[in-house]
Amino acid sequence: MRRKIVAGNWKMNGSKDLVQQLVGSVRSEAESLDNGVEVVIIPPAIYVSDVVAQAGERLMVGVQNVGQWSSGAYTGEIAAGMAKDQGCTYALVGHSERRQLFGETDDEVAAKVESLVASGLVAVVCVGETLEQREAGRAEAVVAAQVKAALANMAADQWGRVVVAYEPVWAIGTGKTATAEDAQAMHASIRQVLAEMSAPAESISLLYGGSVKADNAAALFAEPDIDGGLIGGASLKADDFVSICQAMPASTTS
Ligand code: PEP
């Protein structure tokens with residue numbers, strides 16, 4: 001049975017006030033969800049401990065990025081072990097904004113994944129093609145190469161700490177969403193790539209991200225290989241985020 005996950009990536013947004021308002025509301029609404037969805041809040045790292053303090057038992061917390069090292073002279077970085085120490089369960093890695101704006105390479109993503117899983121966190125490995133790559137018919141090849149590179153160093157007993165988030169770059173923050181059929185096709189392709197890597201592909205959760213909203217989440221989550229969502233903008237409004245969590249049917253995954 002795959003985990004069903006809805007994770008809210010706040011990006012560089014938020015404040016102590018927002019943590020108070022939003023996490024409290026999401027937590028109380030999440031307590032009445034009966035669809036088995038794991039609800040994750042991923043705030044800027046500086047607010048992690050505030051979110052953890054508000055999250056209670058029902059919400060999980062994550063970080064948006066970690067450095068690849070365990071400690072040392074890396075001013076401004078945080079280590080996977082520190083995120084774990086502060087109560088995080090999840091960490092994003094290789095988000096397209098990190099790849100595009102900060103030049104994060106496949107090798108760095110792989111090193112961060114190694115560090116995360118070794119620290120006992122779940123690495124949410126973000127992959128996705130640009131519009132140019134999709135229009136050139138290269139979307140599946142690009143995503144397959146990202147998956148293989150990011151997960152090249154996984155040991156057989158570490159796959160339980162991996163989630164893959166397919167986020168077409170052209171859909172992030174643009175209001176354009178992949179159709180449920182196109183997203184499903186890519187998720188099936190990613191699962192095939194994982195199987196070829198001798199991963200337990202059927203038990204790895206695959207999330208879709210890219211302008212997921214309350215009104216398109218149900219169609220996406222109904223697809224057999226879409227096990228949840230990574231939500232940016234819509235995770236900053238409690239009602240919208242909770243509606244997306246509610247859109248997860250109880251029997252989506254096998
Ligand atoms: C994201 O940042 O991962 C994301 C999917 O953003 P949005 O939902 O705003 O497109």
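Only heavy atoms go into these numbers, but all of them, side chains included; no hydrogens, no water, no symmetry mates. We count ligands from 1, going down the list as the structure has it; atoms in each ligand are counted the same way. Keep in mind the model is a prediction, meaning the values are calculated, not measured.
- Thr130 and Gln133 form a side-chain donor-acceptor contact under 3.5 Å, judged by distance and modelled atom types alone.
- With ligand atoms numbered from 1 in the order given, ligand 1 contributes 7 (P), 9 (O), 10 (O) to contacts under 4.0 Å with heavy atoms of Gly173.
- For the residue pair Tyr74/Gln68, the side-chain donor-acceptor check at 3.5 Å is not satisfied.
- Here Arg138 contributes atom CZ and Glu129 contributes atom CD; the two are 10.5 Å apart, rounded to the nearest 0.5 Å.
- Atoms of ligand 1 lying under 4.0 Å from any heavy atom of Gly210, numbered from 1 in the order shown and given with element: 5 (C), 10 (O).
- Interface of Ala171 with ligand 1, defined as ligand atoms under 4.0 Å from a residue heavy atom, comprises 10 (O).
- Annotation: atom 3 (O) of ligand 1 to nearest protein heavy atom, Glu167 OE2, 2.6 Å.
- Taking only nitrogen or oxygen atoms, main chain and side chain alike, Gly232 reaches within less than 3.5 Å of ligand 1.
- Close contacts between ligand 1 and Asn9 involve ligand atoms 1 (C), 2 (O), 3 (O) [criterion: under 4.0 Å to a heavy atom].
- Applying the 4.0 Å criterion to heavy atoms of Gly233 picks out, from ligand 1, the atoms 7 (P), 8 (O), 9 (O).
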Tabulate below the donor-acceptor pairs under 3.5 Å that side-chain atoms of residues 139-147 make, not counting sequence neighbours, or state none.
{"from": "Gln146", "atom 1": "OE1", "to": "Gly128", "atom 2": "N", "distance (Å)": "2.8"}
{"from": "Gln146", "atom 1": "NE2", "to": "Gly128", "atom 2": "O", "distance (Å)": "3.4"}

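- A salt bridge is absent between Lys4 and Asp227; no separation between the charged side-chain nitrogens and carboxylate oxygens falls under 4.0 Å.
- The shortest separation from a heavy atom of Ser211 to ligand 1 is under 4.0 Å, placing the residue in contact.
- A heavy-atom separation below 4.0 Å is not found between Lys213 and ligand 1.
- Nearest protein neighbour of atom 1 (C) of ligand 1, counting heavy atoms only, is His95 NE2, 3.3 Å.
- In the hydrophobic clustering of this structure, Val93 groups with Val61; members are Ile, Leu, Val, Met, Phe, Trp, Tyr whose side-chain heavy atoms approach within less than 4.5 Å, directly or through other members.
- With sequence neighbours left out, the salt bridge (charged side-chain N to carboxylate O under 4.0 Å, His left out) criterion links Asp106 to Arg99.
- Considering backbone and side-chain N/O of Lys11, one or more are found under 3.5 Å from N/O of ligand 1.
- At distances below 3.5 Å, not a single donor-acceptor pair connects side-chain atoms of Arg27 with backbone N or O atoms of Leu59.
- Below 4.0 Å from some heavy atom of Leu230 lie the following atoms of ligand 1, by number and element: 3 (O), 5 (C).
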